[in-house]
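Worksheet: one structure, shown below.
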Amino acid sequence: MDKSLALNLYATMFRIRTFEEEVKRQFEDGNIPGFIHLGSGQEAVSAGACAAINHDDYIGSTHRGHANLIAKGGRTDKMMAELFARETGSCKGRGGCLHITEMGVGSLGANGIVAAGIIVANGAALSAKLQHNNKVVLTFFGDGATNQGKFHEAMNLASLWSLPNIFICENNLYGEATPLAQHMKLKDIAVRAKAYDMPGVVVDGQDVLAVYEAVSTAVKRARDGKGPTLIEAKTYRFHGHHIGDPETYRTKEEVEEWMEKRDPIKLFKEKLIKEFKVKNTEIDPIEAKILKEIEAAVTFASGSPTPDPASLTRDVYV
Amino acid sequence: MDKSLALNLYATMFRIRTFEEEVKRQFEDGNIPGFIHLGSGQEAVSAGACAAINHDDYIGSTHRGHANLIAKGGRTDKMMAELFARETGSCKGRGGCLHITEMGVGSLGANGIVAAGIIVANGAALSAKLQHNNKVVLTFFGDGATNQGKFHEAMNLASLWSLPNIFICENNLYGEATPLAQHMKLKDIAVRAKAYDMPGVVVDGQDVLAVYEAVSTAVKRARDGKGPTLIEAKTYRFHGHHIGDPETYRTKEEVEEWMEKRDPIKLFKEKLIKEFKVKNTEIDPIEAKILKEIEAAVTFASGSPTPDPASLTRDVYV
Amino acid sequence: MAENRLMTGKDAIREALIEEMRRDKTVFLLGEDLEQATFGVTDGLIDEFGAERVRNSPISENAIIGASIGAALTGMRPVAEIMFADFLMDAMDPIVNTMAKARFMTGGQAKVPMVIRTPSGAGLSAGAQHSQSPEALFMHIPGIKIAVPSTPYDMKGLLKTSIRMDDPVLFFEHKMLYYEGGEVPDGEYTLPFGKADVKRQGKDVTIIAVLAMVKKAMMAADMLAGEGIEAEVIDPRTLNPLDMETIINSLKKTKKLITVEEGARTGGIGAEIAARVAEDALDYLDAPIKRLGGVDCPIPFSPVLEEVMYPTEDSIAAAVKQLLG
Amino acid sequence: MAENRLMTGKDAIREALIEEMRRDKTVFLLGEDLEQATFGVTDGLIDEFGAERVRNSPISENAIIGASIGAALTGMRPVAEIMFADFLMDAMDPIVNTMAKARFMTGGQAKVPMVIRTPSGAGLSAGAQHSQSPEALFMHIPGIKIAVPSTPYDMKGLLKTSIRMDDPVLFFEHKMLYYEGGEVPDGEYTLPFGKADVKRQGKDVTIIAVLAMVKKAMMAADMLAGEGIEAEVIDPRTLNPLDMETIINSLKKTKKLITVEEGARTGGIGAEIAARVAEDALDYLDAPIKRLGGVDCPIPFSPVLEEVMYPTEDSIAAAVKQLLG
Ligand SMILES: Cc1ncc(C[n+]2csc(CCOP(=O)(O)OP(=O)(O)O)c2C)c(N)n1
Ligand SMILES: Cc1ncc(C[n+]2csc(CCOP(=O)(O)OP(=O)(O)O)c2C)c(N)n1
Ligand SMILES: [Mg+2]
Ligand SMILES: [Mg+2]
């Protein structure tokens, strides 16, 4: 991998983290309504995966979708404005965290119903196939989502029809307040690929390069017409299920250990310096620029108008 | 296996076949309304499986449920009356083929929605667990049903909660007009058990002893509290999906070959004679008795009254 | 003027599919057993359009609807078949929570030009899970257009419009209408949504009926005509949008309203129509509204019970006479 | 007489669960995240009743409802929680096609004594997929009893009845009512299905409201009282059975009807009530019926948009004045 791609991966992760932590602050300050699901800790999955596809490829996303969308190229100012419920937001304030979407960069929509985005993503992959345009789809979902019937139906259909869909399970060990062992017996969700005669791969979701490699392989396979792959990225969310989660289901120690030893941004920064010979002076301006970008996003969002109540029913039908 | 059990297995299969062929005749004579799904050819699965459980255990069933219910001890006179849509039927003429049920012998109901019986069966297994009564459940379903989300959710829950549920897939190679290869990529559906860390077993569904053995093992496992098993019985339906099916999706030769070489009743009769040293004179009276029973069932059914229109809404609520 | 041909409902639908698939390469079909279809609608289409565009699907209603949504979001015009309307319940989540809302939730970024075709209705002794008429449920879900054609002509014209529409459409095909004949013109035509059809003019009572009940209402109107009662029979043809203007105009004349549907009476189509009339046109009524519909009961297998579940030409005519007192 | 305690809706529901689980060993709970529940209703119950009877479930709504049906068929009384009423759509097939019909399809062999508890309603900026009020949909499905309590007292009394009932019950808990306080008596009581509660007597207009709208209707009635208008506020408390007798008796007096609900207006609860009145009590009306309800629109995330979606005390009072005016 060349250095500039590596720096891009770093920038994406840093952008996600900065965005998410800012969202948390803004929520706690009362500027953001609703339920907010943050992706801090899981940045390497989105960053590594989306770096392996093109701008005109698609992603399917979930309630925990900020990271997916930023990695795909979503504009953080519009995203912040969306969370602030403003007319300038990606979804004009109609969607919010659960439905954050920027279709222009290839997002098919964050879906607030667990596993509902997975079946939709198949359809975009089907379009690619019918239109012979060689596009692929990355479908993100959680460990908990793989117990949903929709996951199963989507996996079977994608395999059967050789759809160019890469299924990326962000296994962060919990579905809301339920630990993995309380929602399935398997340790490795990738095993579920066998049920569809599909390749299943486990990857370290805190290692952005590992994710990038695994997804690149799957993307090549998909573009070659060989069909889908299930990739299980082992990861962890640093915050609660949503902001305000009492987190009775896990220990502080567990969280701290992940934050200290398995922070994908820290780990990759070390690698950049050690293996890619990147200097801190190269990283600093990247970080500074992103910090500014997110600051500007907040300014944009908080300065934007709320939707006009008279426009309520504008987008129910075409 | 002792001879009397073997003769019972034979009798059950012969009863199912006789019932089904009589139903076909009665339907073609215009005495039975609706859609009828016959189980001829698949008798060994129901007979072998139900012989491995007790009278007070449960079965869950499907649109192709006559065989399952007969094997569990359902009364053929009430069943025939049900298909004739009579007040004396198992379901008082309200259910018909798709919903044929006799709860008194442990049937949880035939369910006309593909895979819907599977999730319900789990609940009976859960009752057994909560009531500590050591009962088990056999859940029958087809190959096509395993592509339904409900199958997946049920398998995961049963495995996770170690429910005493034995999942019996009657893989008859087609779901309605769709051959297996057009609805999934797998050859062996039993592989799907791996996705739930559950044992998965393939068995010859035309060999009633093989089915009996496989189910007995699974039942022991379930009664020992070790949880569910997926058993895939390779089988074949001799008739169309429903009576009247044009069967454009398979060749006459294929059907004839199965009927000649893989008829579970013929095969077992040979075995009875060769290996169990049963004489024809022992079999003949069994067959004669069953032929009479089914004849009497038709007499009972055709002589029974149709439901009173005034009773239409009687059983909507308790 | 185009010549008329006598055609069954099944063939009218089939012709609409063929014409639209020829016209627009983005139109494709998916659903279970399309090659040997339960009611035969799509039989043989694979020969002309190939397996890419006539996609036999596993028994996975969620995956079928989900794939349709995704394809619609990305430039295609899928026409999904759900084999029986009862099985819509199996895909209720993607229908209600994604298909109907995708455009709104994205602030207008998305459009979802897809059609779900599905046979509803009883009459085949198919029992409680294969005979339902769930049309009314979807009136309560903003974001879904709903077609309920009652003749081969309406079926073809409305299906072509549905396929070209940029909003998602639920298209109900009553099983018994597949085999009924009717006149269909040669050549291209489409029918608009939101425009009721006055199937018969009359001055004494307004009967609103949908799907298979239109024919029963027409038969009742014939019977009544013999007794000097002139019933106006209106078929809304689409439930969303619902053409209240035509209904209220009729009421101005007749002052009496009967609604007739096959789905369960409670919470049905008639409830909504009656409520709108009670809100917006109460003064035109000079008698109570009468709603006829399926009995509030699961649908029995037994033909003798199934028969008493639904309005008939006799019960419609009797209701009119009772109303006219 | 028992003393009254001030209690939130959440605690009233919780108390009903605890009492019924203590009383009857066949009662058990299943659902997602019951140990740390989204709205906290079931928190800590596992300590008293153990993991066997408080069953944290995977995100498998079909499996949860299916298991409940099967357990109910075989001697248990499951109380399933669906985390948000929006997710009922995920289990619509077992609810509509099995739970509601099992008894009928088996000719009365089966009974299905189960409860599905689920929070509905908006107010938390939770967007289109976490704020819906789908109560009315289920009125159209014969075979399901439906409870829609509006106070802690009603919640507790109706939930206890629901758990003891031999028919399946859909029990809606409005999210905003979890945190509202109300008086609940010490000691055992239950409330009947099919018996509306006249929350306030009045002679000038009848307002029918459910769930969170009852409070808004009461506030509107207070405002109107200041202007000399006496509104009668009726809470049906259950939608199936629906107590039309109380409603029609009120109409005999007031001659004016307003219905208020949070779910989409079209095809809503008000439609059914209005239709029944237009059928059976038209003569008592001396003004058009007025239906207030959620706008026919997916629910927006934006608080300023969400606010204009629903009836308020002001809009209810304004509607009354328009009607009387
Ligand atoms: C069908 C459905 N059931 C339940 C929920 C409530 N819910 C939202 S997120 C969530 C947990 C999802 O877990 P997972 O898939 O592992 O994703 P994560 O939150 O860990 O990213 C649940 C139960 C929902 N949104 N949709
Ligand atoms: C949810 C649902 N989808 C579709 C159908 C229509 N249908 C009835 S049986 C059947 C095929 C079932 O195949 P399989 O599970 O293999 O059982 P088999 O008929 O072969 O015994 C189909 C598609 C249905 N009843 N329910
Ligand atoms: Mg998770
Ligand atoms: Mg099969």
Side-chain angles (χ1 to χ4, degrees), chain A residues 58 60 82 87 89-96 98-104 106-113 115-131 133 135 137 148-158 160-161 163 165 307 312-318, chain C residues 25-28 30 50-53 55-78 80 90-91 93-114 141-145 165-168 193 240-241:
Chain A
Y58 295 108
E82 184 60 28
E87 183 67 28
S90 335
C91 305
K92 304 207 170 95
R94 272 71 174 168
L98 282 163
H99 311 299
I100 201 156
T101 299
E102 193 177 335
M103 296 197 77
S107 167
L108 298 165
N111 203 311
I113 303 292
I118 310 179
I119 53 174
V120 173
N122 262 349
L126 179 55
S127 276
K129 202 173 158 157
L130 292 170
Q131 295 167 5
N133 61 17
K135 290 189 191 181
V137 183
Q148 259 282 341
K150 297 189 188 84
F151 164 78
H152 175 70
E153 295 191 8
M155 291 282 285
N156 184 61
L157 196 77
L160 183 69
W161 289 357
L163 300 180
N165 193 357
L312 174 63
T313 59
R314 185 180 55 200
D315 287 318
V316 183
Y317 303 100
V318 173
Chain C
K25 293 276 168 278
T26 68
V27 179
F28 71 99
L30 67 175
E52 282 285 289
R53 291 179 72 197
R55 306 189 71 90
N56 239 18
S57 311
I59 310 174
S60 306
E61 282 78 8
N62 276 289
I64 290 168
I65 299 303
S68 302
I69 298 168
L73 288 172
T74 52
M76 304 301 288
R77 291 190 175 273
D90 278 281
D93 169 64
I95 292 173
V96 168
N97 285 327
T98 303
M99 183 185 87
K101 299 176 175 35
R103 180 169 182 77
F104 184 86
M105 294 191 301
T106 60
Q109 293 175 82
K111 60 179 191 188
V112 190
M114 64 181 275
I141 310 296
I144 306 176
K145 300 270 175 80
M165 191 170 283
D166 279 342
D167 292 314
F193 272 52
N240 183 13

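We use all heavy atoms of the structure for the numbers below, so side chains are in, but hydrogens, waters and symmetry mates are not. Just so it is clear: chains get the letters A, B, ... in the order the sequence lines come, proteins before strands, and each one is counted from 1.
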Shortest non-hydrogen separation from [X] to [Y] and the atoms involved:
| X | Y | answer |
| --- | --- | --- |
| Leu312(A) | Phe104(C) | O-CE1, 3.1 Å |
| Val316(A) | Arg103(C) | O-CD, 4.3 Å |
| Lys150(A) | Pro94(C) | CE-CD, 4.0 Å |
| Tyr317(A) | Gly143(C) | OH-N, 3.0 Å |
| Cys91(A) | Gln109(C) | SG-NE2, 3.7 Å |
| Ala154(A) | Ala63(C) | N-CB, 4.3 Å |

How far does CD1 of Ile69(C) sit from CG of Leu108(A), to the nearest 0.5 angstrom?
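Answer rounded to 0.5 Å: 11.0 Å.
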State the OG1-CD distance between Thr106(C) and Glu102(A), to the nearest 0.5 angstrom.
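If we round to the nearest 0.5 Å, Thr106(C):OG1 and Glu102(A):CD are 11.5 Å apart.
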Taking Lys92(A), Met103(A), Glu153(A) one by one, which has the highest count of heavy-atom pairs under 4.5 Å against chain C?
Glu153(A)
Audit row: Thr74(C), Lys135(A), side chain to side chain contact (heavy atoms under 4.5 Å, CB included) steps and yes/no:
CA-CA 11 Å; Thr74(C) 52; Lys135(A) 290 189 191 181; over 6 Å; no
Less than 4.5 Å to any heavy atom of chain A: does that hold for the side chain of [X], its backbone, both, or neither?
| X | value |
| --- | --- |
| Thr26(C) | neither |
| Ile144(C) | backbone |
| Asp166(C) | both |
| Asn240(C) | side chain |
| Ala110(C) | both |

Leu160(A) and Pro58(C), any side-chain heavy atoms less than 4.5 Å apart
yes
By a 4.5 Å heavy-atom criterion (distance strictly below it), what part of Glu87(A) contacts chain C: side chain, backbone, both, or neither?
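Contact with chain C involves no heavy atom of Glu87(A) at all.
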Quick one: what part of Ala121(A) sits under 4.5 Å from any heavy atom of chain C, side chain, backbone, both or neither?
neither
Under the 3.5 angstrom rule, does the side chain of Asn122(A) hit a backbone N or O of Ala67(C) as a donor-acceptor pair?
no
Step by step, would you call Met105(C) with Leu98(A) a side chain to side chain contact (heavy atoms under 4.5 Å, CB included)?
CA-CA 9 Å; Met105(C) 294 191 301; Leu98(A) 282 163; over 6 Å; no
Mind checking side-chain hydrogen bond (donor to acceptor under 3.5 Å, both in side chains) for Asn62(C) and listing every partner two or more places apart, or none if nothing turns up?
none
No-hydrogen, no-angle side-chain donor-acceptor test under 3.5 Å, Asn111(A) and Thr98(C)
yes
What pairs with Tyr58(A) under ring-ring contact (aromatic ring centres under 6.0 Å, His included), at least two apart in sequence or on another chain?
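Partners of Tyr58(A) under the ring-ring contact (aromatic ring centres under 6.0 Å, His included) test: none.
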Stepwise side chain to side chain contact (heavy atoms under 4.5 Å, CB included) check, Leu126(A) with Arg55(C)
CA-CA 11 Å; Leu126(A) 179 55; Arg55(C) 306 189 71 90; 3.6 Å; yes
Kindly check if the number of other-residue, nucleotide or ligand heavy atoms within 6.0 Å of NZ (Lys111(C)) is above 12?
no
Picking from Ala91(C), Gly107(C), Pro113(C), Pro168(C), which has the most non-hydrogen pairs under 4.5 angstrom with chain A?
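Answer, by heavy-atom pair count under 4.5 Å with chain A: Gly107(C).
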